[in-house]
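Keep in mind that the numbers below use all heavy atoms, side chains included, and drop hydrogens, waters and symmetry copies. In the text below, chain A, chain B and the rest are named by the order of the sequence lines, each starting its count at 1. Just so it is clear, the model here is predicted, and its values are computed rather than measured.
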Amino acid sequence: MPRARTSQQPSLSVRLLAWYDVHRRVLPWRAPAGKRADPYRVWLSEIMLQQTTVQAVAGYYRKFLARWPTVGALAAARQDDVLAAWAGLGYYARARNLHAAAKVVAQEMGGRFPGTAEALRALPGVGAYTSGAIAAIAYDEKQAAMDANAERVIARLYAVETPMPKAKAELHRLCQALVPDWAKAISCRP
DNA sequence: GTCCGGCTGA
DNA sequence: TCAGCGGGAC
């Protein structure tokens, strides 16, 4: 006979963050534990990772960062050079938007990335997912960054029957409600 | 041959 | 609202 439960299970976010502490991969765009992420690096990696695997991105990411270490350097590059460096990654609109956004940040924002998800969302090539991811990772904002897989997981978790893409808004609300205020205290633990 | 960890333009 | 975008993985 099963023992009566005397304590309840930790929340989903607690369990996920505990898993992350043990299993997270070492990736070139991740800041060392306890250190703050550079928004330029997070942005560059997130754009490259759109529809593209970690394995395919890693080499390109290192190459871009070595050649253009700051958003100002990237903004000063010729678009032809950016596109040539991007060759092989696919979805070349990403490279054109990357360069355009770098120019906006460098020339209209003094080289500082927008400080909120909402403001990031206005940059070319930055949509709902990417703005949330950058703000969450670089600014510790309480943002749910939902990709297509997260949408499926949340839909199953909450048995949402609404077909996609109508369900997107509801799924985002459900996911946002799972994001704890104190996520940073756990995920930044050394 | 099919399917992707998104965004944009129409 | 949705087709199209590129290359790799299965």
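- Listed by first and then second residue, the salt bridge (Lys or Arg N to Asp or Glu O under 4.0 Å) pairs involving residues 162-172 of chain A are Glu151(A)-Lys168(A) (not counting sequence neighbours).
- The salt bridge (Lys or Arg N to Asp or Glu O under 4.0 Å) analysis of residues 41-63 of chain A, with sequence neighbours excluded, yields the pairs Asp38(A)-Arg41(A).
- dG6(C) and dG9(B): their P atoms are spaced 14 Å apart (whole Å).
- Pairs passing the ring pair (Phe, Tyr, Trp, His ring centres under 6.0 Å) check and including a residue from residues 95-117 of chain A, sequence neighbours excluded, read Trp43(A)-Phe113(A).
- Minimum interatomic distance between Arg94(A) and Leu89(A) (heavy atoms only, all atoms of both residues): NH2-O, 3.1 Å.
- The residue among Gly125(A) and Thr53(A) whose nearest nucleotide of DNA chain B lies closer to the 5′ end is Thr53(A).
- For the segment residues 86-108 of chain A, the set of residues with a heavy atom within less than 4.0 Å of an atom of DNA chain B comprises Tyr91(A), Asn97(A), in numerical order.
- Residues from residues 142-160 of chain A with heavy atoms under 4.0 angstrom of DNA chain C: there are none.
- Annotation: salt bridge (Lys or Arg N to Asp or Glu O under 4.0 Å) contacts of Glu141(A) (sequence neighbours excluded): none.
- Pairs of residues two or more places apart, or lying in two chains, never qualify as salt bridge (Lys or Arg N to Asp or Glu O under 4.0 Å) while including a residue from residues 112-132 of chain A.
- Taking atom CD of Gln50(A) as the reference point, atom C1' of dC4(B) lies 14 Å away to the nearest angstrom.
- Rounded to an integer number of Å, the gap from NE2 of His172(A) to P of dG5(B) is 18 Å.
- One can place CD1 of Ile134(A) at 15 Å from C1' of dG5(B), the figure rounded to the nearest angstrom.
- Val126(A) comes within contact range of the sugar-phosphate backbone alone, with a heavy-atom separation under 4.0 Å but no base atom that close.
- Evaluation of the side chain to side chain contact (heavy atoms under 4.5 Å, CB included) rule for Asp80(A) yields Arg78(A) as partners, not counting sequence neighbours.
- Rounded to whole Å, the distance from CG on Leu49(A) to C1' on dC7(B) is 15 Å.
- Protein atom CD1 of Ile47(A) is 12 Å distant from nucleotide atom C1' of dT8(B), rounded to whole Å.
- Under the rule for a side chain to side chain contact (heavy atoms under 4.5 Å, CB included), the partners of Ala73(A) that lie at least two apart in sequence or sit in another chain are Trp68(A), Pro69(A), Thr70(A).
- Between dC7(B) and Thr130(A), a contact under 4.0 Å exists linking OP1 or OP2 to a side-chain N or O.
- The shortest non-hydrogen separation linking Ala106(A) to Val71(A) is CB-O, 4.5 Å.
- Where DNA chain C meets chain A (any atom under 4.0 Å from a heavy atom), the bounding nucleotides read 5' to 3' are dC5(C) to dG7(C).
- Hydrophobic cluster membership of Leu171(A), counting Ile, Leu, Val, Met, Phe, Trp and Tyr whose side-chain heavy atoms lie under 4.5 Å apart directly or via other members: Leu12(A), Leu16(A), Met146(A), Ile154(A), Leu157(A), Tyr158(A), Val160(A), Met164(A), Leu174(A), Leu178(A).
- Atom C1' of nucleotide dG5(B) and atom CD of Glu46(A) are separated by 9 Å, given to the nearest angstrom.
- By the salt bridge (Lys or Arg N to Asp or Glu O under 4.0 Å) test, Arg25(A) pairs with no residue at all, sequence neighbours left out.
- Taking atom P in both dG5(B) and dT1(C), one finds a spacing of 24 Å when rounded to whole Å.
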